[in-house]
Amino acid sequence: MHLLLLHGFTSHPVLTLGPLPERLKEAGWEVRQPALPGHGTRPEDLLKVRFQDWLLAAEEAYLELPEPRGVVGLSMGGLLAAHLAARHPTKALVALAPAFALKNPLAPYLHWLIPRFPGPPSIEDPELRKRNPNYPYFPTRAVLELLALMHKTPEVLPRVKARALVVEAGKDRVVKGVDRYFALLGSPRKDYLVFPESGHDLLLDRDREAVARAVRDWLLASDNYLQ
């Protein structure tokens, strides 16, 4: 299986997925980690993109992979992953803390008053938080594009038929509704995991290795099941 890994909103396009890419490569899979538009440069570049740009970039990277394909997405990447799995034949979908809804939904509408917000509290461990590689702040207005993607996602989830794994961060202070994302998935075979001590950035927090191993093991089991 060839795997597309999708990062989240304001996330570093490579480092945000912590040890997961290496664990997947060790298991023998080809892994691709594209930088979505507006990421990996400077926060202000988020103002230049629309949610359709993220979808297009994700789809182009996905279709460049040989079949069979799987997709793993963190936060906003979990939404994009669902759109891909709904549009194309997909062997496996993994959604890590998918951004189904924001815990502070009013912030984006204050962009005229507060033009930028600090990065969200996505890592619980205080020492690991100091090494957070994601954007330290973001333009408030840019979150409106994330909200637009959120609003489009519930309608595509029932069309997903791939085997699916949804992972919840037990101490997520950024998003909510992960259980609702899971419930709406049309996948006939789907699993749900919770890491109670992890913040939103599960792969950068205290349980990052355990999360990476759990995803790897689930994908291995899925790969064997699908053969």
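Please read all numbers here as calculations on a predicted model, not as lab measurements.
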- Determine, stepwise, if the pair L146 / F51 fulfils side-chain contact (heavy atoms from CB on, under 4.5 Å). CA-CA 7 Å; L146 175 59; F51 79 88; over 6 Å; no
- Query: Just one of V72, L3, L74 clears the side chain to side chain contact (heavy atoms under 4.5 Å, CB included) bar with L20, so which one?
  - Reply: V72
- Task: Of all the heavy-atom pairs spanning D205 and S122, show the shortest one and how long it is.
- Result: OD2-O, 4.3 Å
- Query: At their closest point, which heavy atom of L4 faces which heavy atom of A58, and how far apart are they?
  - Reply: CD2-O, 3.6 Å
- Do K190 side-chain atoms and L185 backbone N/O form a donor-acceptor pair below 3.5 Å? yes
- Task: Find out if a path of hydrophobic residues (ILVMFWY) with successive side-chain heavy-atom gaps under 4.5 Å connects L147 to L157.
- Result: yes
- Query: Is any NZ, NE, NH1 or NH2 atom of the basic residue among R50 and D53 found under 4.0 Å from an Asp or Glu carboxylate oxygen of the other?
  - Reply: no
- Give a yes or no on whether V211 and L220 share a hydrophobic cluster (residues Ile, Leu, Val, Met, Phe, Trp, Tyr; joining criterion: side-chain heavy atoms under 4.5 Å apart). yes
- Message: Please tell me whether L55 and L144 are part of a single hydrophobic cluster in this structure, the criterion being side-chain heavy atoms less than 4.5 Å apart.
- Response: yes
- Message: Within the structure provided, determine whether E30 and P66 are in side-chain contact (heavy-atom separation under 4.5 Å).
- Response: yes
- Go through the steps to decide whether W29 and H2 satisfy the test side-chain contact (heavy atoms from CB on, under 4.5 Å), and finish with yes or no. CA-CA 6 Å; W29 292 304; H2 307 272; over 6 Å; no
- Message: Grouping I, L, V, M, F, W and Y whenever their side-chain heavy atoms are under 4.5 Å apart, do V94 and V14 come out in a common cluster?
- Response: no
- Message: To the closest 0.5 Å, what do you measure between CG (D201) and CG (L128)?
- Response: 11.0 Å
- Message: Could you check whether any side-chain heavy atom of L5 comes within less than 4.5 Å of a side-chain heavy atom of V31, counting everything from C-beta outward?
- Response: yes
- Task: Verify side-chain contact (heavy atoms from CB on, under 4.5 Å) between H200 and S75, making sure each step is shown before the conclusion.
- Result: CA-CA 8 Å; H200 182 65; S75 190; 2.8 Å; yes
- To the nearest 0.5 Å, what is the distance between CG (L204) and CD1 (I123)? 4.5 Å
- Shortest non-hydrogen contact from G70 toward M1: N-CG, 3.8 Å
- What distance separates S222 OG from D217 CG, expressed to the nearest 0.5 Å? 10.5 Å
- Query: Does the distance from a Lys or Arg side-chain N to an Asp or Glu carboxylate O, for E127 and K130, drop under 4.0 Å?
  - Reply: yes
- More than 12 heavy atoms of other groups within 6.0 Å of K152 NZ: no
- Note on the structure: Here the pair of heavy atoms bringing Y135 nearest to G38 is OH-O, 2.9 Å
- Looking at CG of L96 and CZ of F195, how far apart are the two atoms once the value is rounded to the nearest 0.5 Å? 9.0 Å
- Message: What I want to check is whether the side chains of E44 and Y137 have a donor and an acceptor closer together than 3.5 Å.
- Response: yes
- Message: If I compare all heavy atoms of P19 with all of E209, which pair ends up nearest, and what's the gap?
- Response: CB-OE2, 3.6 Å
- Query: How far apart are the C-alpha atoms of E145 and W54, what are their side-chain angles, what is the distance that settles it, and do they pass the side-chain contact (heavy atoms from CB on, under 4.5 Å) test?
  - Reply: CA-CA 10 Å; E145 295 303 317; W54 297 326; 3.9 Å; yes
- Is it the case that one hydrophobic cluster holds both V156 and V175, taking links as side-chain heavy atoms less than 4.5 Å apart, direct or via other members? no
- Query: Under the 6.0 Å and 45° cation-pi test, does K176 pair with F100?
  - Reply: no
- Message: Between T90 (side chain only) and A86 (backbone N and O only), is there a donor and an acceptor less than 3.5 Å apart?
- Response: no
- Query: Can a salt bridge be assigned to the pair R216 and E26 using a cut-off of 4.0 Å between side-chain N and carboxylate O?
  - Reply: no
- Using a strict cut-off of less than 4.0 Å between a Lys/Arg side-chain nitrogen and an Asp/Glu carboxylate oxygen, indicate whether R173 and E124 qualify as a salt bridge. yes
- Looking at V167, L15, L17, T16, which one forms a side chain to side chain contact (heavy atoms under 4.5 Å, CB included) with L203? L17
- Task: Indicate yes or no: at least one non-hydrogen side-chain atom of L165 is less than 4.5 angstrom from one of L93.
- Result: no
- Message: Is the shortest side-chain heavy-atom distance between D207 and L202 below 4.5 Å?
- Response: no
- Where A169 and G199 come nearest, the two heavy atoms and their spacing: CB-O, 3.2 Å
- Verify the distance criterion only: is there a donor paired with an acceptor across the side chains of E59 and H83 at less than 3.5 Å? no
- R206 side-chain N/O to S198 backbone N/O, donor-acceptor pair under 3.5 Å: no
- Are H7 and H39 near enough that their ring centres are under 6.0 Å apart? yes
- Message: Could you tell me if the side chain of V178 sits less than 4.5 Å from the side chain of P98, heavy atoms only?
- Response: yes
- Flag for N134-H12: side-chain donor and acceptor within less than 3.5 Å: no
- Message: Are V215 and L193 packed together at the side-chain level, in the sense that at least one heavy-atom pair is separated by less than 4.5 angstrom?
- Response: no
- Side-chain heavy-atom pair Y181, L79 within 4.5 angstrom cut-off: yes
- Message: Within this structure, what is the CZ-CZ distance for the pair R208 and R23, rounded to the nearest 0.5 Å?
- Response: 10.5 Å
- Under a 4.5 Å cut-off applied to non-hydrogen side-chain atoms, are M76 and L36 in contact? yes
